[in-house]
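Working notes, beginning with the structure itself.
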Amino acid sequence: MTYTLTTPLYYVNDKPHLGSAYTTLACDALARFQRLKGEEVVLITGCDEHGQKIQRTAEAAGLSPQAHCDRISAEYHQLWQQWQISNDRFIRTSDPRHRRIVHEFFGRVEANGDVVEGRQQGWYCVACEEFKDDPAGALDPQCPVHQRSLEWRDEVNLFFRLSRYQEQIEALIAQPEFIQPASRRREVQNFVAQGLRDFSISRVNLPWGIPVPGHDGHTFYVWFDALLGYLTALLESQGDGETSEAGLGELSQRGWPAQVHVIGKDILRFHAVYWPAMLLSAGLELPKQVFGHGFLTREGQKMGKSIGNVLDPEALLERCGADAVRWYLLRDIPFGDDGDFQQQRFVDLVNNDLANTIGNMLNRTSAMARRWFEGTVPPAGAAQNADHPLAQAANAAIALVIPNLETLDFRGAAEASLQLAIAANGFLNTQAPWSVMKKEGNQDQVASDLYAVLEAARLVALLLGPLVPDLSARMLEQLAQAPLNSGPNQTNSIPWLQQLQWGRLAVGSPLPEPAPVMARLELDGPL
RNA sequence: GGCUCGGUAGCUCAGCUGGUUAGAGCGUGGGAUUCAUAACCCCAAGGUCGGGAGUUCAAGUCUCCCCCGAGCCA
């Protein structure tokens with residue numbers, strides 16, 4: 001079965017911010033994990049490019065909407081490459097293929113009697129792309145979210161008959177695993193319990209959008225078309241000579257339904273309520289899970305242009321490297337909760353966990369093994385037994401990492417991996433091979449102890465593969481092991497789960513000259 | 001205004017269906033050690049579990065009220 005997962009399709013109103021990077025990075029870790037387990041994975045990301053806001057932003061910049069979208073989505077594309085995001089697809093909703101899918105989808109919905117005309121009158125926020133409830137007779141009503149003036153609209157729009165799906169949606173979100181984390185489920189349930197109202201799916205007088213077939217002058221409401229991007233992404237030509245005209249009928253062979261939509265908590269309603277109803281209407285399967293993670297603040301403050309405290313993901317990557325940032329965000333912030341980016345803590349954790357605990361463990365052990373055992377992995381001796389303390393620690397770590405990654409508990413996975421490294425360091429200190437070695441006739445003991453720690457290091461590297469792939473590769477290189485393949489369409493000649501078995505490190509294989517696998521972060525000045 | 005989710009050591013958080021001296025990591029202080037990236041290992045200090053009342057033999061853990069923060073709906 002295909003494991004399909006999605007990031008949101010990011011709105012190209014502005015250049016990428018750290019929040020988008022956070023979501024994407026988490027998805028990348030999950031995708032890599034699933035690939036390592038041997039699943040066929042489709043990680044979808046991309047950009048949402050329609051709507052009035054985009055049209056106006058483009059105008060303000062003196063660009064055509066398409067040129068503006070080309071520019072911003074290229075930035076996203078490039079950023080994900082720099083972050084080594086292993087997305088299998090990158091879909092843009094201004095892609096002509098997408099228009100075709102939207103039309104097909106709309107055809108199904110309309111044929112099902114779920115599209116009706118209605119007059120919509122009220123105050124509209126362009127930033128939200130939403131009608132607001134009547135703001136009690138103010139002269140210049142403001143959007144409570146965006147603090148900007150609302151615009152009066154009076155137009156005939158097409159509505160999707162969401163109200164027909166009340167019961168089905170209630171049943172869906174009653175399933176405990178559908179909305180994650182569970183703490184956000186009640187909120188959505190309360191919203192649905194108030195009664196679902198039809199929502200408009202078209203706009204008039206908005207050229208920058210996908211035209212609604214059979215309804216001149218209407219373009220699709222940006223959300224209606226954006227969500228469908230997930231489907232278009234799956235129907236992309238797979239480059240094996242087939243014609244690229246796959247339609248909705250082929251979705252089930254292309255990886256639909258998604259196993260999980262990973263999103264920010266702000267768009268939970270669209271994904272957990274509107275989207276499933278749309279899919280039901282079109283006769284398509286529903287995603288298995290919607291995971292709404294929290295938001296990032298910085299040093300306790302909301303990030304924003306007006307405060308001037310925005311952390312630019314590109315700059316962050318350049319100064320600190322992908323491993324450091326990935327580790328900090330995934331290891332320190334419970335995925336699902338809001339989190340606070342604190343520079344001191346960032347530096348402390350990266351240095352302690354990655355450089356000191358993990359990196360130094362490998363470094364010190366490798367140095368000893370090379371010195372006393374002719375540059376090779378020493379004979380395992382007693383260390384190959386499954387009841388060796390480090391073998392047991394390793395199995396305990398593995399038994400935590402896998403289920404934690406399965407449920408997007410990256411923090412738990414990181415901690416369990418780290419725990420193995422801590423155990424290995426502790427073992428080394430109690431065994432003290434450096435002093436045992438000074439006495440004659442203890443070679444075997446030292447060999448066995450060093451082997452055990454090297455083997456533990458190998459397993460730490462393997463467990464870290466999904467979270468910090470580069471560091472994992474560097475560690476494996478130090479152990480003269482092949483790096484893990486966890487990118488798109490990659491497989492490993494020896495499956496990951498098999499590589500995770502204790503004792504596979506080959507005795508006698510040469511150890512490269514030790515070089516720190518993780519440099520300590522030394523930041524001069526604020527990020 | 002209604003609702004949701006939080007408020008546990010300086011910081012980030014664990015604490016399941018109520019039950020021995022409330023835990024971890026970071027930070028801080030001390031010790032030990034020298035294989036190693038001034039790294040590792042060990043130990044310690046630090047909490048009246050937001051406040052108040054109640055239920056109970058027993059409450060961080062249940063009930064009610066209040067305060068603070070984030071958010072959803074109106």
Side-chain angles (χ1 to χ4, degrees), chain A residues 130 132-136 144-145 179 181-197 264-270 272-273 292-297 299-302 327-329 331-373 378 400 404 409 411-412 414-419 421-438 446 449-450 453-454 457 474-475 478 513-522:
Chain A
E130 254 178 6
K132 295 289 164 182
D133 290 299
D134 224 338
V145 183
I179 295 176
S183 54
R184 285 190 222 294
R185 187 160 99 240
R186 191 73 52 87
E187 206 162 83
V188 179
Q189 282 178 320
N190 289 344
F191 170 76
V192 173
Q194 289 171 14
L196 292 174
R197 292 185 296 183
K265 61 183 182 177
D266 54 329
I267 53 176
L268 187 53
R269 222 170 72 210
F270 287 100
V273 180
H293 72 248
F295 286 154
L296 259 26
T297 51
E299 313 293 346
Q301 277 194 309
K302 196 175 271 190
W327 180 255
Y328 173 61
L329 293 178
R331 130 92 217 236
D332 199 37
I333 299 163
F335 198 62
D337 293 3
D338 288 343
D340 192 34
F341 189 104
Q342 298 177 333
Q343 181 166 334
Q344 188 59 52
R345 189 166 173 79
F346 168 51
V347 172
D348 284 344
L349 285 187
V350 168
N351 289 348
N352 271 295
D353 300 344
L354 263 28
N356 298 351
T357 301
I358 293 174
N360 185 48
M361 164 193 62
L362 175 55
N363 196 249
R364 65 196 297 211
T365 313
S366 175
M368 288 186 275
R370 275 173 57 90
R371 185 169 312 147
W372 301 323
F373 297 93
L400 285 171
N404 283 338
D409 181 359
R411 182 185 213 245
E415 273 175 0
S417 311
L418 189 61
Q419 212 51 51
I422 289 171
N425 274 322
F427 177 78
L428 216 41
N429 277 50
T430 54
Q431 296 304 102
W434 50 88
S435 53
V436 174
M437 196 60 191
K438 287 173 186 160
V446 170
D449 291 345
L450 293 183
V453 177
L454 287 172
R474 271 178 271 126
M475 290 179 72
Q478 283 281 294
E513 186 170 346
V517 289
M518 187 73 198
R520 294 170 60 85
L521 275 180
E522 311 277 353

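A, B, ... follow the sequence lines: proteins, then strands. Residue 1 opens every chain. Source: prediction; values computed, not measured.
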Item checked: P atoms of B:C16 and B:G2, separation to the nearest Å -> 29 Å

Margin query: Both distances below 3.5 Å, Watson-Crick or wobble geometry, any strand: find the nucleotide opposite B:C72.
Written below: B:G2

Item checked: A:Asp348-A:Gln344 side chain donor-acceptor pair, cut-off 3.5 Å -> yes

Check: Looking only at atom types and distance, does a side-chain atom of A:Thr357 sit under 3.5 Å from a main-chain N or O of A:Asn352, one as donor and one as acceptor?
Finding: yes

Note to self: Need one value for A:Asn190: base, sugar-phosphate or nothing, where a base atom within 4.0 Å counts as base even if backbone is also close, heavy atoms only.
What the structure shows: sugar-phosphate

Margin query: Tell me whether the side-chain N/O atoms of A:Arg520 come closer than 4.0 Å to OP1 or OP2 in B:A39.
Written below: yes

Note to self: Under 4.0 Å, counting only non-hydrogen atoms across every strand here, what does A:Pro433 touch: a base, just sugar-phosphate, or nothing?
What the structure shows: nothing

Next item on the list: Could you work out the separation of B:C43 and B:U37 based on their C1' atoms and round it to a whole Å?
Entry: 25 Å

Item checked: Presence of A:Lys302 side-chain N/O under 4.0 Å of B:G71 phosphate oxygens OP1/OP2 -> yes

Notebook entry, point to check: Just checking A:Val188: base, sugar-phosphate only, or nothing, at a heavy-atom cut-off of under 4.0 Å?
Noted result: nothing

Note to self: Under 4.0 Å, heavy atoms only, any strand: does A:Arg371 hit a base, just the sugar-phosphate, or nothing?
What the structure shows: sugar-phosphate

Check: Taking for each residue the nucleotide of RNA chain B with the nearest heavy atom, is it A:Ala519 or A:Asp338 whose nucleotide lies nearer the 5' end?
Finding: A:Ala519

Next item on the list: Indicate whether the side chain of A:Asn425 and that of A:Arg364 have a donor and an acceptor atom separated by less than 3.5 Å.
Entry: yes

Check: With both distances under 3.5 angstrom, what nucleotide forms a Watson-Crick or G-U wobble pair with B:G54?
Finding: B:C62

Check: For the side chain of A:Ser183, counting heavy atoms from C-beta on, which of B:C5, B:C35, B:U12 is nearest?
Finding: B:C5

Checklist line | Whole-Å gap separating P (B:A39) and CG (A:Leu521) | finding: 14 Å

Note to self: Checking understanding here: a glycosidic angle within 90° of 0 is syn, the rest anti, so what is B:G46?
What the structure shows: syn

Notebook entry, point to check: Quick one: does A:Asp353's side chain get under 4.5 Å of A:Arg331's, heavy atoms only?
Noted result: yes

Next item on the list: Identify which nucleotide among B:U37, B:A36, B:C26 has an atom closest to any side-chain atom of A:Asp348, counting heavy atoms from C-beta outward.
Entry: B:C26

Next item on the list: Could you work out the separation of B:C65 and B:U20 based on their P atoms and round it to a whole Å?
Entry: 29 Å

Checklist line | Rounded distance (Å) that lies between atom P of B:U4 and atom CZ of A:Arg185 | finding: 14 Å

Check: Checking all strands, does A:Arg331 fall into the base, sugar-phosphate, or nothing category for heavy-atom contacts under 4.0 angstrom?
Finding: sugar-phosphate

Item checked: Distance, rounded to the nearest Å, where A:Asp353 contributes CG and B:U12 contributes C1' -> 12 Å

Notebook entry, point to check: Rounded to the Å, how far apart are A:Ile333 CD1 and B:G6 P?
Noted result: 18 Å

Next item on the list: Kindly indicate whether the side chain of A:Thr297, heavy atoms from C-beta on, has any atom under 4.5 Å from the side chain of A:Phe341.
Entry: no

Next item on the list: With heavy atoms under 4.0 Å as the rule, sort A:Ile422 into base, sugar-phosphate or nothing.
Entry: sugar-phosphate

Next item on the list: With heavy atoms under 4.0 Å as the rule, sort A:Gln194 into base, sugar-phosphate or nothing.
Entry: sugar-phosphate

Notebook entry, point to check: The side chain of A:Asn352 lies closest to which of these nucleotides: B:C26, B:C72, B:C35?
Noted result: B:C26

Next item on the list: Looking only at side-chain atoms of A:Val517, point me to the closest of B:U4, B:C13, B:U37.
Entry: B:U37

Checklist line | Atom-to-atom span, CG of A:Leu354 to C1' of B:A36 - whole angstrom | finding: 17 Å

Note to self: Expressed as a whole number of angstroms, how long is the span from A:Asn425:CG to B:C41:P?
What the structure shows: 5 Å

Notebook entry, point to check: What distance, rounded to whole Å, do you find between the two C1' atoms, one in B:G31 and one in B:G15?
Noted result: 31 Å

Margin query: What's the closest nucleotide to the side chain of A:Arg186 if the choices are B:U4, B:C35, B:C26?
Written below: B:U4

Margin query: Classify A:Gln342 by what it touches in the nucleic acid, base, sugar-phosphate, or nothing, heavy-atom distance under 4.0 Å.
Written below: sugar-phosphate

Item checked: Any donor-acceptor N/O pair, A:Ser435 side chain to A:Ala432 backbone, under 3.5 Å -> yes

Next item on the list: Would you classify A:Met518 as touching base, sugar-phosphate or nothing, given that sugar-phosphate means primed atoms plus P, OP1 and OP2, and contacts are heavy atoms under 4.0 Å?
Entry: base

Checklist line | Span that lies between the P atom of B:A53 and that of B:A58, in whole angstrom | finding: 16 Å

Checklist line | Base-pairing assignment for B:G25 (Watson-Crick or G-U wobble, both under 3.5 Å) | finding: B:C11

Check: When rounded to the nearest Å, what value does the distance between C1' atoms of B:G47 and B:A9 take?
Finding: 5 Å

Notebook entry, point to check: Say you pick atom C1' in B:U33 and the same atom in B:G69; how far apart are they, in whole Å?
Noted result: 46 Å

Note to self: Using a heavy-atom cut-off of 4.0 Å across all strands, would you classify A:Gly426 as base, sugar-phosphate, or nothing?
What the structure shows: sugar-phosphate

Check: Which residue, A:Ala423 or A:Glu415, contacts RNA chain B at a nucleotide closer to its 5' end, judged by nearest heavy atom?
Finding: A:Glu415

Next item on the list: Test for a donor-acceptor pair under 3.5 Å between the base of B:C40 and the side chain of A:Asn356, counting only N and O atoms.
Entry: no

Item checked: Whole angstrom value for the distance that separates P of B:A36 from CG of A:Asp449 -> 17 Å

Checklist line | Closest nucleotide among B:C35, B:A14, B:A70 to the A:Lys265 side chain | finding: B:A70

Margin query: Using modelled atom types and a 3.5 Å cut-off, is there a donor and acceptor pairing between side-chain atoms of A:Ser366 and backbone atoms of A:Asn363?
Written below: no

Notebook entry, point to check: Between A:Asp337 (CG) and B:C5 (C1'), how many Å, whole number?
Noted result: 10 Å

Next item on the list: Give, for atom CG of A:Leu521 and atom OH of A:Tyr328, the distance between the pair rounded to the nearest 0.5 Å.
Entry: 12.0 Å

Check: Are the charged groups of A:Arg345 and A:Asp340 less than 4.0 angstrom apart, N to O?
Finding: no

Notebook entry, point to check: Can you check whether A:Arg197 has a side-chain N or O nearer than 4.0 Å to OP1 or OP2 of B:A74?
Noted result: yes

Item checked: Between B:C42 and B:G51 - P atom distance, rounded Å -> 34 Å

Margin query: I want to verify a distance call: between B:C13, B:C11, B:G27, whose nearest atom is closest to the A:Arg345 side chain?
Written below: B:C11

